[in-house]
Amino acid sequence: MKKLISKFKAQKRKNKVRQNNPDSGKKSYWQLIDSLHSDECPVCYALLHVQKKFIEDIFYESVNDPTIRHKFESSGGLCPIHSQLMFQQADKLGLALLARDLLQKALDQNFNLSFRKCFLCEHQELTEKYLIEDFISSLPLQNFTKELQISKGLCLKHFNLIFAAITNKKDKNFLLNWQKEKMKRLLQFLSEFIRKNDYRFKEEKITEEESKAIEQVWNLLTQ
Ligand SMILES: [Zn+2]
Ligand SMILES: [Zn+2]
């Protein structure tokens with residue numbers, strides 16, 4: 001019930017921001033806004049969300065679409081990460097249809113398949129590109145900067161990609177300071193977590209934020 005109420009409140013807040021914001025026309029603006037409320041890098045979070053949705057769409061609407069089946073077949077399968085993601089997201093019948101095509105092809109060609117790039121990796125690269133572009137073009141927007149305060153910060157990879165792509169000095173400084181502030185906060189939580197693990201301070205309770213910080217930092221440091 002608590003979860004439901006907070007979901008309702010979050011939706012209400014989003015609707016309010018949407019009504020007051022004329023800048024919501026960008027392709028991934030709202031995906032980014034939603035992602036800023038997660039505990040992860042907003043670009044990584046939005047990227048995974050878009051990929052899951054893409055896989056969902058393939059299986060709900062296009063698994064019989066010859067273009068998708070051809071794409072899957074001609075790429076010779078998927079990379080290990082997307083193969084796992086597809087298996088987690090998709091329904092078994094859709095997977096069976098795709099797997100049957102590929103297995104038949106492998107048998108016909110004595111298992112000598114030519115591997116192209118995984119088509120979900122291609123989709124991921126394109127999505128990442130527009131998410132980064134939209135993140136940068138949203139930086140001057142008041143509503144976006146306000147929502148940025150809620151975020152835990154960007155991962156190293158996306159911070160560096162975004163920082164390198166910003167041409168405006170003011171936005172560059174803003175992003176650097178914002179990221180530093182977020183990382184310093186996480187550093188504090190980590191230090192407290194480490195300190196409280198010392199037997200001399202074991203009476204002090206580790207807070208939720210302090211214990212969550214390990215996973216957050218670990219994910220943010222991933223390249
Ligand atoms: Zn990231
Ligand atoms: Zn892939």
Side-chain angles (χ1 to χ4, degrees), residues 26-59 62-63 67-90 94-95 98-99 101-102 113-139 144 147-166 171-172 174-176 178-183 185-187 212-223:
K26 292 179 209 305
K27 204 173 175 185
S28 59
Y29 181 83
W30 292 111
Q31 269 157 6
L32 286 168
I33 291 283
D34 288 345
S35 307
L36 291 171
H37 291 255
S38 79
D39 281 342
E40 296 165 36
C41 158
V43 179
C44 286
Y45 186 89
L47 198 53
L48 185 64
H49 177 80
V50 174
Q51 291 247 292
K52 283 182 174 174
K53 179 84 182 63
F54 183 60
I55 294 173
E56 223 177 272
D57 291 347
I58 291 177
F59 284 90
S62 0
V63 79
T67 325
I68 293 286
R69 286 172 82 157
H70 177 71
K71 264 188 173 180
F72 180 78
E73 206 187 302
S74 63
S75 62
L78 300 168
C79 71
I81 291 173
H82 286 124
S83 181
Q84 271 305 310
L85 187 65
M86 190 99 129
F87 200 78
Q88 287 161 11
Q89 290 296 113
L95 284 172
L98 290 178
D101 285 354
L102 194 62
L113 293 178
S114 54
F115 292 100
R116 250 182 8 95
K117 195 172 191 172
C118 154
F119 84 95
L120 285 177
C121 277
E122 279 175 351
H123 177 261
Q124 181 174 313
E125 278 167 27
L126 274 174
T127 311
E128 192 173 38
K129 196 171 162 285
Y130 79 68
L131 283 170
I132 288 176
E133 282 168 6
D134 284 355
F135 191 99
I136 294 172
S137 61
S138 303
L139 278 175
F144 191 72
E147 299 282 329
L148 275 177
Q149 301 318 314
I150 297 159
S151 170
K152 300 289 181 297
L154 288 158
C155 69
L156 281 188
K157 178 191 171 188
H158 288 127
F159 173 77
N160 285 318
L161 284 174
I162 291 173
F163 192 72
I166 298 176
D171 290 346
K172 243 180 152 73
F174 170 79
L175 189 78
L176 180 62
W178 169 79
Q179 178 80 354
K180 275 188 168 174
E181 196 188 298
K182 299 288 166 188
M183 296 304 113
R185 191 169 154 77
L186 286 173
L187 192 63
K212 262 166 82 179
I214 316 152
E215 193 182 349
Q216 283 164 3
V217 174
W218 207 253
N219 288 334
L220 294 176
L221 294 178
T222 312
Q223 276 291 346

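Quick note: residue numbers are just sequence positions, from 1. When a ligand or atom number is given, it counts from 1 through the structure's own listing order.
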Quick one, H82 and Q51 - any side-chain contact, counting heavy atoms below 4.5 Å?
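Answer yes - side chains close enough.
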
In a check of side chain to side chain contact (heavy atoms under 4.5 Å, CB included) between L220 and each of K157, E40, E215, M183, which one passes?
M183

What N/O/S atom of H158 is the closest to the Zn ion (ligand 1)?
ND1

Hey, which N, O or S atom on H82 ends up closest to the Zn ion (ligand 2)?
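Considering only N, O and S atoms, H82 comes nearest to the Zn ion (ligand 2) through ND1.
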
Work out which heavy atom in L102 is nearest to a heavy atom in L113; give both atom names and the distance.
CD1-CD1, 4.2 Å

Where do A165 and I136 come nearest, in terms of heavy atoms and distance?
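Looks like CB-CD1, 3.6 Å.
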
Quick one: the SG of C79, the Zn ion (ligand 2), SG of C121 angle, rounded to 10°, please.
110°

